[in-house]
Visitor: 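Got a structure for you, questions after.
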Amino acid sequence: MRQYLQRFYAVSVREKQSISEINSIIQSKKVISVCDPTMLLAKEWNLIYGLHGDNNKLIHKGEKYILLYFPDISGKMIKDAYYLKDKYGYKIICINEKRPHRNIKNVSIDGPDDFLHLFQHAQIVLTGSYHGILFSIYNRIPFFYYVRSHSLRMENLSSILDIEDRRGEYIRNISNPEVIDYEKIYNNLNIMVSQSKRYLNEIAEKMLEV
């Protein structure tokens, strides 16, 4: 792998923890941590969604629901969804969950439009997915996350954005799960995005000079 990495003009990674791994292979290049590519378009996602309006076959207009995306293996997310359903009276919708569950509507999405629509209109999102967290944030939807897989990735994001209090294990300790400090989250997000854009622009300009 060392011989291939040496061919790159610059090396950047998404997770900070990966920097040491790359440095153990190659020491001749400075490795930088940058944000997830979808963050570079955080504001544009709503514009993309806006091109298709509010009509969607998966949900009725004005329908209030809890969205589940990638339920955890332990089943805690499902139990927490029932807890929120009892608390607020919202319906429960789950994306691409093959196992049937009582009072949970499973939906299959046909493409990005369906995915964006479901996140845009949810009241609360429960997710075991890294990108489930991100698209909740892009749409400013209250969320809780469950470390199902890619734990390093999710923990790194959680630390940078200071969202550890949105772990699913704390959901019943919060008096109002629908309240979330998006001002704090976006301050942290904007810092990360600005640093990443600056780095990527600098590298692009230097490569043009080569």
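Keep in mind that this is a model prediction, so the values were computed, not measured.
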Visitor: Out of the candidates Arg172, Arg167, Arg166, only one should pair with Glu169 under the salt bridge (charged side-chain N to carboxylate O under 4.0 Å, His left out) rule; please name it.
Guide: Arg167
Visitor: Could you please spell out the steps behind the side-chain contact (heavy atoms from CB on, under 4.5 Å) verdict for Ser159 and Glu164?
Guide: CA-CA 7 Å; Ser159 175; Glu164 288 92 345; 3.9 Å; yes
Visitor: Any chance you could lay out the side-chain contact (heavy atoms from CB on, under 4.5 Å) test for Leu58 and Lys105, step after step, and finish with the verdict?
Guide: CA-CA 10 Å; Leu58 299 177; Lys105 178 183 178 182; 5.6 Å; no
Visitor: Tell me whether Leu208 shares a hydrophobic cluster with Phe8, the cluster being built from Ile, Leu, Val, Met, Phe, Trp, Tyr side chains joined at under 4.5 Å.
Guide: no
Visitor: Distance check, rounded to the nearest 0.5 Å: Met192 atom CE versus Lys197 atom NZ?
Guide: 13.0 Å
Visitor: Backbone N or O of Ile191 within a donor-acceptor pair of the Ser194 side chain at under 3.5 Å?
Guide: no
Visitor: Do you know which two heavy atoms are closest between Gly132 and Phe119, and how far apart they sit?
Guide: O-CE2, 3.4 Å
Visitor: Please confirm whether the ring centroid of Phe135 lies under 6.0 Å from the ring centroid of Phe115.
Guide: yes
Visitor: Indicate if Leu41 and Ile160 have the same hydrophobic cluster label, given that clusters are the connected sets of ILVMFWY residues with side-chain heavy-atom separations under 4.5 angstrom.
Guide: yes
Visitor: Just do the side-chain contact (heavy atoms from CB on, under 4.5 Å) check on Asp80 and Phe144 with the steps written out, would you?
Guide: CA-CA 10 Å; Asp80 288 344; Phe144 288 91; over 6 Å; no
Visitor: State whether the side chain of Arg2 and the backbone N or O of Ile25 hold a donor-acceptor pair below 3.5 Å, judged by distance alone.
Guide: yes
Visitor: Is Tyr82 close to Ile92 at the side-chain level, that is, under 4.5 Å between some pair of heavy atoms?
Guide: yes
Visitor: Any idea which heavy atoms bring Thr127 and Ser129 closest together, and the distance?
Guide: OG1-N, 2.9 Å
Visitor: Considering only heavy atoms from C-beta outward, does the side chain of Tyr88 approach that of Lys64 to under 4.5 Å?
Guide: no
Visitor: Would a 4.5 Å heavy-atom cut-off, applied to side chains only, mark Asp181 and Asp162 as touching?
Guide: no
Visitor: Rounded to the nearest 0.5 Å, how far does NZ of Lys29 lie from CG of Leu5?
Guide: 9.0 Å
Visitor: When you look at NZ of Lys76, are more than 12 heavy atoms from neighbouring residues, nucleotides or ligands closer to it than 6.0 Å?
Guide: yes
Visitor: Is it possible for you to say whether Tyr4 and Ile26 belong to one hydrophobic cluster, with membership spreading through side-chain heavy-atom contacts below 4.5 Å?
Guide: no
Visitor: Taking the side chain as every heavy atom from C-beta outward, state whether Asp36 and His131 have any pair of such atoms under 4.5 Å apart.
Guide: yes
Visitor: Specify the closest pair of heavy atoms between Ile137 and Tyr186, including all atoms of both residues, with the distance to one decimal.
Guide: O-OH, 2.8 Å
Visitor: Checking side-chain contact (heavy atoms from CB on, under 4.5 Å) between Leu161 and each of Asn187, Asn188, Ile133, Asn156, which is the one that passes?
Guide: Asn188
Visitor: Would a 4.5 Å heavy-atom cut-off, applied to side chains only, mark Leu40 and Cys35 as touching?
Guide: yes
Visitor: Could you see if Ile203 belongs to whatever hydrophobic cluster contains Ile19? Use Ile, Leu, Val, Met, Phe, Trp, Tyr and a side-chain cutoff under 4.5 Å.
Guide: no
Visitor: Does any donor atom in the side chain of Thr38 or Tyr138 lie under 3.5 Å from an acceptor atom in the other side chain?
Guide: yes
Visitor: Please give me the minimum heavy-atom distance between Ile66 and Ala81, naming the atom from each residue.
Guide: CD1-O, 3.7 Å
Visitor: Give a yes or no on whether Glu183 atom CD has more than 12 heavy-atom contacts from other residues, nucleotides or ligands under 6.0 Å away.
Guide: no
Visitor: In this structure, would Ile174 and Tyr90 fall into the same cluster of hydrophobic residues linked by side-chain contacts under 4.5 Å?
Guide: yes
Visitor: Yes or no on side-chain contact (heavy atoms from CB on, under 4.5 Å) for Ile171 and Leu126, after CA distance, side-chain angles and deciding distance?
Guide: CA-CA 10 Å; Ile171 192 170; Leu126 306 184; 4.0 Å; yes
Visitor: About how many Å separate SG of Cys94 and CZ of Arg99, when rounded to the nearest 0.5 Å?
Guide: 8.5 Å
Visitor: Within a radius of less than 6.0 Å around NZ of Lys87, do more than 12 heavy atoms belonging to other residues, nucleotides or ligands occur?
Guide: yes
Visitor: Side chains of Ser12 and Tyr199: is there a donor and an acceptor less than 3.5 Å apart?
Guide: no
Visitor: Rounded to the nearest 0.5 Å, what separates atom CG in Leu134 from atom CG in Leu189?
Guide: 8.0 Å
Visitor: Determine the interplanar angle of the Phe143 and Tyr182 rings, folded into 0 to 90°, and report it as parallel if under 30°, tilted if 30 to 60°, perpendicular if over 60°.
Guide: tilted
Visitor: Measuring from atom CZ of Arg14 to atom OH of Tyr130, what distance do you get when rounded to the nearest 0.5 angstrom?
Guide: 4.5 Å
Visitor: What's the separation between atom CD1 in Ile141 and atom CD1 in Ile180, rounded to the nearest 0.5 Å?
Guide: 10.0 Å
Visitor: Would you say Ser158's side chain and Met154's backbone share a donor-acceptor pair under 3.5 angstrom?
Guide: no
